[in-house]
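No hydrogens, no waters, no symmetry mates; every other heavy atom, side chains included, goes into these values.
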Amino acid sequence: MKKWFQVSLQTKIVGLSAALIITVIVLLASIFSYMQFVESKRQAEQLALQAAKSISFMPEVKAAFQKKQPSRYIQPLAEQVREQIGAASIVVQNREQIIYSHANQKWIGKKDKEAVNDRALLFGGYYTLDGEGTTGPAIMGKAPIVISHGKYTDVVGVVTVEFLKSHVHAQLIARIQQIILFSLAVLLLGMIGGIFLAKSIKKDTLGLEPHEIASLYRERNAILLSIKEGIIAIDHQGFITMMNTSAKNMLGLQTEYLHHHIIEVFPYTNMIEVLDTGIARSDQEIFLNEKTFILNLTPIIEHQRIVGVVASFRDKTELKSLINTISEVRKYSEDLRAQTHEFTNKLYVLSGLLQLGQYKDAFEFIQKESAVHQTQNRILFDQILDSKVQAILLGKIGKASEKKIHFSVDSESTLDTLPEHIEISHLIIIIGNLIDNAFEAVSQQSEKEVSFFITDIGHDLIIEVMDNGPGVSEEVLNQIFTKGFSTKGTDRGYGLANIKKMVDELGGSIEVYNQPEGGAIFSVYLPKN
């Protein structure tokens with residue numbers, strides 16, 4: 001389903017950065033504001049109480065209580081202190097709650113019935129109070145005025161220092177405003193940093209958005225899984241960054257080799273050389289784990305700098321096997337055409353004899369051919385019951401007839417239907433090449449004799465091909481199955497090598513003997529299970 005609304009990577013990063021910074025700023029500002037509020041209140045309480053104590057201890061204040069008009073002496077002192085500490089009011093009262101000092105002179109001489117001075121007057125305590133003062137809601141510090149009379153003391157009044165809550169809050173708001181200004185500056189810097197971070201990430205991702213990268217990643221995985229060729233990529237240091245399933249299977253790797261050095265996994269590939277030179281290589285052949293691979297190496301270049309190498313390779317062994325199979329099928333097809341051609345010629349001979357009235361010769365020709373075919377057919381169709389082997393032998397019989405070679409199937413041959421693991425491609429390569437080699441071996445003989453024997457009695461399938469050719473010399477007897485080795489010229493030596501490979505794949509063995517009277521015997525043993 002198509003997404004109608006896609007948020008760009010830059011918008012996401014800037015938005016998330018801004019949201020994170022705002023969240024952090026709000027949390028920190030709230031915590032700091034609360035701490036500032038508590039600290040401002042505590043400082044106001046301490047200052048109020050300390051100022052109240054200082055005034056209550058002043059000798060001038062104590063002496064004024066023993067005079068007729070205490071306010072005349074106390075008011076100037078209290079106002080001086082109030083201006084110095086920035087208090088809203090300093091109230092000095094006697095035991096009857098009459099005010100001797102106040103910021104508002106109209107209060108002087110009046111009685112404050114709402115004042116809460118019991119703890120100071122009755123118990124002589126020093127304390128702070130958060131409540132309604134003479135100037136409004138305030139934080140207050142109270143201290144008793146104590147006069148000593150020799151052996152006893154007397155509490156004659158109370159000093160109250162008031163700090164308006166509104167003033168404390170105003171100071172707190174001013175600090176919070178500063179915090180907000182700094183926070184906005186941090187937010188701006190964060191958003192600018194987020195923009196640069198987004199641009200840097202987009203540069204690293206080649207300008208692709210996250211959903212585009214995810215889509216490319218899914219498509220890349222699907223493509224790598226669908227490719228039958230092996231794909232390996234390395235970085236600028238030679239470490240593997242990507243390997244598809246086909247590569248693992250072809251190299252026979254059982255464990256994960258990502259981030260291992262290429263030399264550990266796939267040596268002799270010249271990937272490091274391509275990494276150093278930047279020169280691509282095509283159709284390079286290497287041999288590894290008894291397999292031949294064809295490699296194509298391509299450097300990865302970014303901003304005129306080599307950042308890695310990609311190797312694509314395929315198994316040439318399988319390719320050659322397929323080519324050999326196709327070649328043998330083509331031979332089989334040619335053999336069938338030869339057989340058809342041979343029978344056509346015989347029909348022409350028979351037709352000519354009949355037209356000339358040579359009925360006796362025609363009859364003898366038919367009897368001779370019939371006897372041969374009856375013997376062959378009895379062995380082929382009554383004793384050899386596998387249709388694949390029947391088809392191969394019929395083709396070779398026709399080819400032998402065309403080459404004037406006496407090709408016979410041993411009358412002792414017996415064969416039931418072959419097991420499934422022995423395929424027609426195996427039989428074409430093994431039987432076809434053995435018989436063709438025998439035909440070639442007798443090509444220079446005056447009497448050309450090739451015999452074929454097959455049986456599945458016992459645990460093994462046994463195939464033997466005998467000829468009356470010159471045999472195999474002792475000097476090359478151990479080399480005839482080597483790929484490319486031949487005594488018949490260049491571009492030869494693949495038939496017996498392919499036979500040996502097929503026999504090995506089927507878990508069998510092959511033996512070669514020279515007959516005392518001349519010629520060679522090739523024996524193949526293939527386990528049925």
Side-chain angles (χ1 to χ4, degrees), residues 3 5-55 81-91 103-104 114 116 119 126-143 159-205 207-211 213-214:
K3 295 184 178 179
F5 181 71
Q6 293 284 2
V7 180
S8 67
L9 178 63
Q10 181 168 329
T11 303
K12 284 183 179 179
I13 291 177
V14 174
L16 289 173
S17 300
L20 180 61
I21 292 171
I22 290 172
T23 302
V24 172
I25 287 173
V26 169
L27 288 174
L28 291 178
S30 301
I31 294 170
F32 182 76
S33 299
Y34 175 75
M35 292 174 64
Q36 280 292 106
F37 172 74
V38 173
E39 181 64 19
S40 298
K41 184 179 178 182
R42 188 184 65 81
Q43 289 179 355
E45 289 175 345
Q46 288 181 346
L47 183 57
L49 185 58
Q50 190 63 39
K53 285 182 179 181
S54 299
I55 294 172
V81 174
R82 185 183 70 81
E83 291 177 359
Q84 290 177 351
I85 64 175
S89 180
I90 297 178
V91 182
N104 188 351
E114 304 296 330
V116 183
R119 286 174 60 188
Y126 300 90
Y127 60 95
T128 59
L129 191 65
D130 186 351
E132 189 69 27
T134 59
T135 54
I139 297 172
M140 297 169 280
K142 291 182 177 287
V159 178
T160 302
V161 177
E162 298 179 357
F163 284 96
L164 289 176
K165 285 185 177 180
S166 59
H167 180 66
V168 175
H169 293 166
Q171 291 179 336
L172 180 61
I173 290 171
R175 293 185 180 181
I176 291 175
Q177 288 176 344
Q178 292 178 344
I179 293 172
I180 291 174
L181 290 176
F182 283 115
S183 299
L184 291 175
V186 171
L187 177 61
L188 181 61
L189 290 174
M191 293 181 68
I192 294 173
I195 292 172
F196 281 107
L197 175 62
K199 288 184 177 180
S200 176
I201 293 174
K202 289 204 72 173
K203 181 180 178 182
D204 293 338
T205 57
L208 297 174
E209 295 295 333
H211 65 277
I213 296 173

*Quick one: does S89's side chain have a donor or acceptor within less than 3.5 Å of a partner on A103's backbone?*
yes

All heavy atoms of V161 vs all of A87, minimum pair found to be CG1-CB, 3.9 Å

Original post:
Can you check whether L16 reaches L20 side chain to side chain, under 4.5 Å on heavy atoms?
Top reply: no

Between A44 and I139, the two heavy atoms sitting closest are CB-CD1, 4.1 Å

Distance col, row I173:CD1 vs I180:CD1, nearest 0.5 angstrom, shows 10.0 Å

Contact between L181 and Q177 at the side-chain level, heavy atoms closer than 4.5 Å - yes or no? no

Nearest heavy-atom contact between M140 and A48 is C-CB, 4.1 Å

Between the NZ atom in K41 and the CG atom in L172, the distance rounded to the nearest 0.5 Å is 12.5 Å

Using a cut-off of 6.0 Å, state whether more than 12 heavy atoms not belonging to Y127 lie near its atom OH.
yes

Side-chain donor-acceptor contacts of residues 25-37 below 3.5 Å, not counting sequence neighbours, with atom names and distances?
| from | atom 1 | to | atom 2 | distance (Å) |
| --- | --- | --- | --- | --- |
| S30 | OG | V26 | O | 2.7 |
| S33 | OG | A29 | O | 2.6 |

E162 (side chain) donor-acceptor with T134 (main chain) under 3.5 angstrom: yes

When every non-hydrogen atom of V168 is compared with those of S40, the smallest separation belongs to CG1-CB, 3.9 Å

Heavy-atom closest pair (G141 atom, A52 atom, distance to 0.1 Å) is O-CB, 3.5 Å

Nearest heavy-atom contact between I85 and F163 is O-CE2, 3.6 Å

Residues pairing under salt bridge (charged side-chain N to carboxylate O under 4.0 Å, His left out) where one sits in residues 164-178, two or more places apart or in two chains, turn out to be D130-K165

### Task
Would you mind checking if E45 and R42 are paired as a salt bridge, meaning a charged N to carboxylate O distance below 4.0 Å?
no

